[in-house]
Amino acid sequence: MQSDDDSMKIINGKEIAKEIRSEIENELVNLKNRNITPGLAVILVGDDPASNTYVRMKQKMCEELGIKTKDSRPGSDISQEELHLLIEQFNSDDEIHGILVQLPLPDQIDEKLALSKVLPEKDVDGFHPVNVGKVTLGEGGFIPATPAGIIEILMRSGNDPAGKNLVIIGRSRIVGRPLLNLLTQKRKGGNATVTLCHTATEDLSFHTLNADIIIAAAGSVNILDASMIKEGVVIIDVGANRVEDPTKKSGYRLVGDVDFDSVVDKASAITPVPGGVGPLTIIMLMKNCVIAAGGSFN
Ligand code: NAD
């Protein structure tokens, strides 16, 4: 049961996403005055239900904002060469400013090779090695949507990471690793002292007990409980894990990586699942799309 105190410390990702959405809408007006309509191409291979849902949500947001979308939905038996051809078609399409290859890809596809075929200037997911390199060096490039959204959450909820001890749990290429780079850089939304924990970390609590901010991105349910945190910690729960729930129409519900009920009293701020990081991921992808089309933000 949540108390009023609890609801005050729960960070509302939807509200933060709304703020960013209105900034994007302003920039879309500027682009329109220059006769530019941003275009996003989506390549969805196969019929994975979760991927279908993510793509539908992204395309719906594009529609609402007036971003043009084109999509291609090849079957899961597509060859590497055929996938590269599709990507190249969108690379040379002047109406398309951003290309999204929805992951995961089927086993026969070399994912890294396929992603490297997207033109870096259309790589709004920020997965191309050129963008990874630029972001790592602090020299621009597209920042992947989830890490960018997490930094927006911290800054806009009054939890600037500068000078703080921050622990990230999870070292994936799309969340943990880019966050490590961004949060340690001497930049707005950075300047933290960061520890990156992963599956080979021997004593997770040793690190989390000393953290002012914890970002859990392991994809593992209940990885963090009250015994592992100090009073007043800020917790960002990135996890989006499906657990069976016969009371839901879908048969499952979404839970984070953190044991929310256990940690909520000790934390000074925490993102819920759903309604925390998720809404930011979609809106930050839209922002990258607008940037790819020539838009700019302060
Ligand atoms: P991933 O599986 O690629 O990476 C998980 C990382 O966590 C790995 O590096 C692994 O070393 C680490 N890890 C796993 N179990 C661990 C443990 N017990 N202790 C310490 N480290 C552990 O996953 P990902 O793509 O980075 O996503 C992580 C989670 O975030 C997933 O639940 C995913 O669904 C979710 N996610 C949510 C959003 C969103 O918009 N809300 C976006 C991206 C990912």
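Residue numbers start at 1 and run along the sequence shown. These numbers come from a predicted model, not from an experiment.
A donor-acceptor pair shorter than 3.5 Å can be found between the side chains of Glu27 and Asn30. Between Asn241 and Asp257, the side chains place a donor N or O and an acceptor N or O closer than 3.5 Å (distance only, hydrogens not considered). Using a 3.5 Å distance cut-off with no hydrogens or angles, the side chains of Glu88 and His84 do not pair a donor with an acceptor.
With hydrogens and angles ignored, the 3.5 Å screen pairs no side-chain donor or acceptor of Thr146 with any backbone N or O of Val175. Under the 3.5 Å distance criterion, the side-chain polar atoms of Glu121 are left unmatched by any main-chain donor or acceptor of Ala292. Between the side chain of Asn288 and the backbone N or O of Asp125, no donor-acceptor pair lies under 3.5 Å.
Looking at Asp212 and Lys164, no side-chain N of the basic residue comes within less than 4.0 Å of a carboxylate O on the acidic one, giving no salt bridge. Taking the charged nitrogens against the carboxylate oxygens, Lys60 and Glu63 have no contact shorter than 4.0 Å, which rules out a salt bridge.
You'll find the side chain of Arg73 reaches within 4.5 Å of the side chain of Val55, heavy atoms only. Between Val45 and Ile109 the shortest side-chain heavy-atom distance does not fall below 4.5 Å. No side-chain heavy atom of Leu224 sits less than 4.5 Å from a side-chain heavy atom of Asp237. Using a 4.5 Å heavy-atom cutoff, the side chains of Thr199 and Arg171 are in contact.
Other residues, nucleotides and ligands contribute more than 12 heavy atoms inside 6.0 Å of the CG atom of Asp203. Heavy atoms from other residues, nucleotides or ligands lying under 6.0 Å from NZ of Lys68 number 12 at most.
Under the 6.0 Å distance and 45° angle rule, Lys287 counts as a cation-pi partner of Phe297.
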